[in-house]
Amino acid sequence: RDLRNAAGERLAVRPLEGRALLFFPAFGDGRPDDRTLHAGEPVADGTAVKEKLVAQMWIHERPYSPVVPEGNSHDAAIRLVEAREAAHAAAGCR
């Protein structure tokens with residue numbers, strides 16, 4: 001299921017500041033594209049940055065009703081993000 005190059009190596013994308021990875025998780029007719037199943041990797045040992053940040057943006061062509069697990073909400077997430085930002089600011093992180 002993983003995308004592979006001609007040598008059979010699994011596709012991996014190295015993060016670079018100011019860059020983004022864009023992929024479409026479905027075919028044009030709406031069928032899911034299993035090749036886009038993905039996972040994040042842990043921050044590598046020996047790197048200067050010890051923290052990993054991820055952002056997602058979902059763009060829908062048609063009306064979409066998300067299925068949200070009980071207890072999850074945008075409001076709860078915002079409170080956690082704001083608390084994290086405050087902790088970073090207090091620690092002098094950018």
K.L.:
Which ILVMFWY residues can you reach from Met57 by hopping between side chains whose heavy atoms are under 4.5 Å apart?
P.N.:
Ile59
K.L.:
Can you list, by chain and residue number, the hydrophobic cluster partners of Phe24 when the side-chain cut-off is 4.5 Å?
P.N.:
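Result for Phe24 is Leu22.
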K.L.:
Run the salt bridge (charged side-chain N to carboxylate O under 4.0 Å, His left out) test against Arg19 and tell me which residues pass, sequence neighbours left out.
P.N.:
none
K.L.:
Which pair of heavy atoms, one from Pro32 and one from Phe27, lies closest together, and at what distance?
P.N.:
O-CE1, 3.8 Å
K.L.:
Please list, chain by chain and in numerical order, all residues satisfying side-chain hydrogen bond (donor to acceptor under 3.5 Å, both in side chains) with Glu82, sequence neighbours excluded.
P.N.:
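Residues passing side-chain hydrogen bond (donor to acceptor under 3.5 Å, both in side chains) with Glu82: none at all.
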K.L.:
The criterion is side chain to side chain contact (heavy atoms under 4.5 Å, CB included); which residues satisfy it with Ala90, sequence neighbours excluded?
P.N.:
none
K.L.:
Who pairs with Leu21 by side chain to side chain contact (heavy atoms under 4.5 Å, CB included), at least two apart in sequence or on another chain?
P.N.:
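With sequence neighbours excluded, Leu21 shows a side chain to side chain contact (heavy atoms under 4.5 Å, CB included) to Val13, Phe23, given in chain and number order.
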